[in-house]
Structures are given as structure tokens and as C-alpha cells.
Engineer: 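What follows is a single structure, and I will ask about it in a moment.
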Amino acid sequence: MLAAIIEKVGAYRINYDDPAFASLAEAIVYQQLHGKAAATIFKRVTDLAGLPLRPEGILKLTETQLRQAGLSKQKLSYLRDLAEKTRSGEVRFDCFGEMSDEEVIEQLTR
């Protein structure tokens, strides 16, 4: 049955998005949460910060606003840190494609 589906629609290909601030911010929000709860919290954050999600949108929000959206103190500190480092140029998503996995991990875990 699977072979017939593959024959009809073609082989499955993983579609990787370019690494971007919004993708990593979403991953932070979703970490260790049930999908539906994480989606609700992420939507609240983007409703407040705006779409597309950018560092400036996160940084304009107060800790109270982010907590009321459903973020834990730890996650909001991660998001703010990522936003600050992205805005300052310390984290440069446009360079990740040319870096090794180890270099990307090192940059993101500073």
C-alpha cells in the first residue's frame, strides 16, 4: 500500500526551512510542551510581537506580557537573550548555512 502511494505522489522529501529567528523562537516555545498548548502560547506571543516574528517584536514586550502569554520565566529569558543577540549581530542566522554543526551549536549556546 505504501509503495502505491509513493508511486502516485512521489518519494517523501524533508523540506528544511532556512534557519531564522522565528523558527528558533518557535522551537523554544514548543520545547517540552504538548503541541496544542505550545501553539496557543506561540500564537499569543506572535499576536503581541507581530508577524513575522522578529527580535524587535520580542524586545518591545515586557516580562509581564510574555508571562501572561503563557511563557515560563526560563523560556522568556531564552527568547529575550536570543532576540538581543540576534539584534546585536552576535547571532547571525544568515551564516549558519556555511558553518559546521559544531560552529552553529557553539554560537547558539554562548
Engineer: Mind checking the CG-CD1 spacing from L79 to I28? Nearest 0.5 Å is all I need.
Structural biologist: 5.0 Å

Engineer: Mind listing the closest non-hydrogen atom pair of F42 and Y30 along with its distance?
Structural biologist: CB-CE1, 4.1 Å

Engineer: How close do V45 and L61 get, heavy atom to heavy atom, and via which atoms?
Structural biologist: O-CD1, 4.4 Å

Engineer: Applying side-chain contact (heavy atoms from CB on, under 4.5 Å), can you list everything that pairs with T109, at least two apart in sequence or on another chain?
Structural biologist: I105

Engineer: Not counting sequence neighbours, which residues clear side-chain contact (heavy atoms from CB on, under 4.5 Å) with K73? List them please.
Structural biologist: E63, R67

Engineer: Which residues pass the side-chain hydrogen bond (donor to acceptor under 3.5 Å, both in side chains) test with Q74, sequence neighbours left out?
Structural biologist: Y78

Engineer: For residues 32-41, tabulate all N or O donor-acceptor pairs below 3.5 Å that involve a side-chain atom, not counting sequence neighbours.
Structural biologist:
from	atom 1	to	atom 2	distance (Å)
H34	ND1	K36	N	3.2
T40	OG1	K36	O	3.0

Engineer: Any chance you could measure Q65, atom CD, to L48, atom CG, to the nearest 0.5 Å?
Structural biologist: 5.5 Å

Engineer: Can you list everything that forms a side-chain hydrogen bond (donor to acceptor under 3.5 Å, both in side chains) with E56? Sequence neighbours excluded, please.
Structural biologist: none

Engineer: For L59 and R80, work out which heavy atoms get closest and say how close.
Structural biologist: CD2-O, 3.9 Å

Engineer: Kindly indicate, with the supporting measurements, whether the criterion side-chain contact (heavy atoms from CB on, under 4.5 Å) is fulfilled by F21 and V91.
Structural biologist: CA-CA 9 Å; F21 174 80; V91 172; over 6 Å; no

Engineer: Could I get the full list of side-chain hydrogen bond (donor to acceptor under 3.5 Å, both in side chains) partners for T64, not counting sequence neighbours?
Structural biologist: none

Engineer: List, one per line, each side-chain donor-acceptor pair under 3.5 Å for residues 83-90, sequence neighbours excluded.
Structural biologist:
from	atom 1	to	atom 2	distance (Å)
K85	NZ	D81	OD1	3.4
K85	NZ	D81	OD2	3.3
K85	NZ	R110	O	3.1
T86	OG1	L82	O	2.7
S88	OG	E84	O	3.4
S88	OG	K85	O	3.2
S88	OG	E90	N	3.3

Engineer: With the side chain counted from C-beta on, respond yes when E103 and F96 share a heavy-atom pair under 4.5 Å apart, and no when they do not.
Structural biologist: no

Engineer: Return each pair, listed once, that meets side chain to side chain donor-acceptor pair (under 3.5 Å) where at least one residue sits in residues 42-55; pairs must be two or more places apart or across chains.
Structural biologist: K43-D47

Engineer: Could you give the distance from CZ (R92) to CE (M99), rounded to the nearest 0.5 Å?
Structural biologist: 9.0 Å

Engineer: Which pairs, with at least one residue in residues 20-35 and sequence neighbours excluded, count as a salt bridge (charged side-chain N to carboxylate O under 4.0 Å, His left out)?
Structural biologist: none

Engineer: To check you understand the geometry: which heavy-atom pair defines the closest contact between A22 and L53, and what is its length?
Structural biologist: CB-O, 3.8 Å

Engineer: Give me the atom names and distance for the closest heavy-atom approach of E98 to D94.
Structural biologist: OE2-O, 4.1 Å

Engineer: Any link between L76 and L108 through a network of hydrophobic side chains (Ile, Leu, Val, Met, Phe, Trp, Tyr) touching at under 4.5 Å?
Structural biologist: yes

